[in-house]
S.K.: 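One structure follows; several queries about it will come next.
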Amino acid sequence: SKAKLFDKESKINVSFKDVAGLAEAKQEIEEIVAFLKHPDRYTKLGGKIPKGALLVGPPGTGKTLLAKAVAGEADVPFFSMSGSDFVEMFVGVGASRVRDLFRQAKAKAPCIIFIDEIDAIGRARGKNPNMGSNDERENTLNQLLTEMDGFDTNSGVIILAATNRADMLDSALMRAGRFDRQIHIDLPNLKEREEIFKVHLRPLKLGADVDVKFLAKQTPGFSGADIANVCNEAALIAARGKKNEVTKQDFLDAVDRIIGGLERKSHVIT
Ligand code: ATP
């Protein structure tokens with residue numbers, strides 16, 4: 001069977017209203033939506049549209065969601081690939097995937113290319129003694145750099161990439177004309193967690209005792225993805241109890257469960 005090259009979604013139904021909090025990141029990225037929608041506004045003044053932006057932040061904080069929202073808001077196709085797909089790949093395959101990705105994207109411009117976990121490809125060269133030969137990863141990285149340099153900045157293709165380790169990245173990626181913008185995303189604060197809860201409570205049938213402010217207070221250190229999990233888990237717990245609505249207690253049980261999961265995860269890591 002032929003391995004999948006990358007994902008292409010021509011219609012994205014994520015918009016900025018699905019992304020809670022992240023006010024600053026949204027503001028910065030709104031300009032990219034404007035570049036995609038009205039490129040002439042910038043180019044007729046002689047300005048160069050940036051080629052790409054790097055979204056930097058901890059896991060589950062909405063980087064992929066935000067990238068999709070850009071495509072959704074601008075109503076352009078979304079091409080995506082994950083850097084981790086290139087780990088342990090046969091020689092030459094990674095580079096040819098990158099080539100195919102850019103070729104197809106250019107044909108569909110304006111569009112977004114999104115590279116998740118770019119650190120898997122873009123790690124600073126020669127910094128991973130455990131991995132044996134890094135040739136394939138380097139080939140892939142070099143192809144990515146070549147592609148980014150090779151297309152016209154006003155071609156309508158904008159590349160977004162995500163990482164939780166910007167410090168690990170090869171500085172070549174951050175040079176002008178490549179990912180020359182960085183957008184930082186942090187774990188949500190109390191107010192932001194409240195906003196994220198609101199998004200994920202929307203589809204649930206809630207009991208009268210559920211209070212979003214209370215839920216936000218119970219979840220310090222939770223990412224957006226953790227909060228989405230809590231909401232889903234609470235609904236499952238309520239369903240298991242054959243209830244007609246999801247109650248405060250279901251949320252408390254779900255929070256406990258997610259905290260248990262997070263603790264196990266951090267034990268494995270440390
Ligand atoms: P990773 O680094 O693990 O790839 P990520 O930062 O790309 O994570 P996403 O995949 O965007 O995180 O988030 C996972 C899910 O968590 C989203 O699909 C969404 O349901 C929820 N989520 C995360 N952040 C937010 C947010 N700010 N607003 C609403 N939902 C969010």
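One is the number of the first residue; the rest follow in order along the sequence. Atoms within each ligand, like the ligands themselves, are counted from 1 in listed order.
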S.K.: Identify every side-chain donor-acceptor pair in residues 17-30 under 3.5 Å, counting partners at least two apart or on other chains, and give the distances.
M.R.:
| unit_1 | atom_1 | unit_2 | atom_2 | d |
| --- | --- | --- | --- | --- |
| D18 | OD2 | S15 | N | 2.8 |
| K26 | NZ | F16 | O | 3.2 |
| K26 | NZ | V19 | O | 2.6 |

S.K.: So, are D211 and K213 salt-bridged, with charged N and O less than 4.0 Å apart?
M.R.: no
S.K.: Heavy-atom cut-off of under 4.0 Å around ligand 1: list whichever protein residues fall inside it, by chain and number.
M.R.: D18, V19, A20, L22, P59, G60, T61, G62, K63, T64, L65, D116, I196, H200, G224, A225, A228
S.K.: Any cation-pi pair here, K51 with F179, using under 6.0 Å and within 45°?
M.R.: no
S.K.: With sequence neighbours excluded, what pairs up with R103 under the salt bridge (Lys or Arg N to Asp or Glu O under 4.0 Å) test?
M.R.: D100
S.K.: Should D116 and K63 count as an ion pair when the cut-off is N to O under 4.0 Å?
M.R.: no
S.K.: Excluding sequence neighbours, so at least two apart, what forms side chain to side chain contact (heavy atoms under 4.5 Å, CB included) with S96?
M.R.: R99
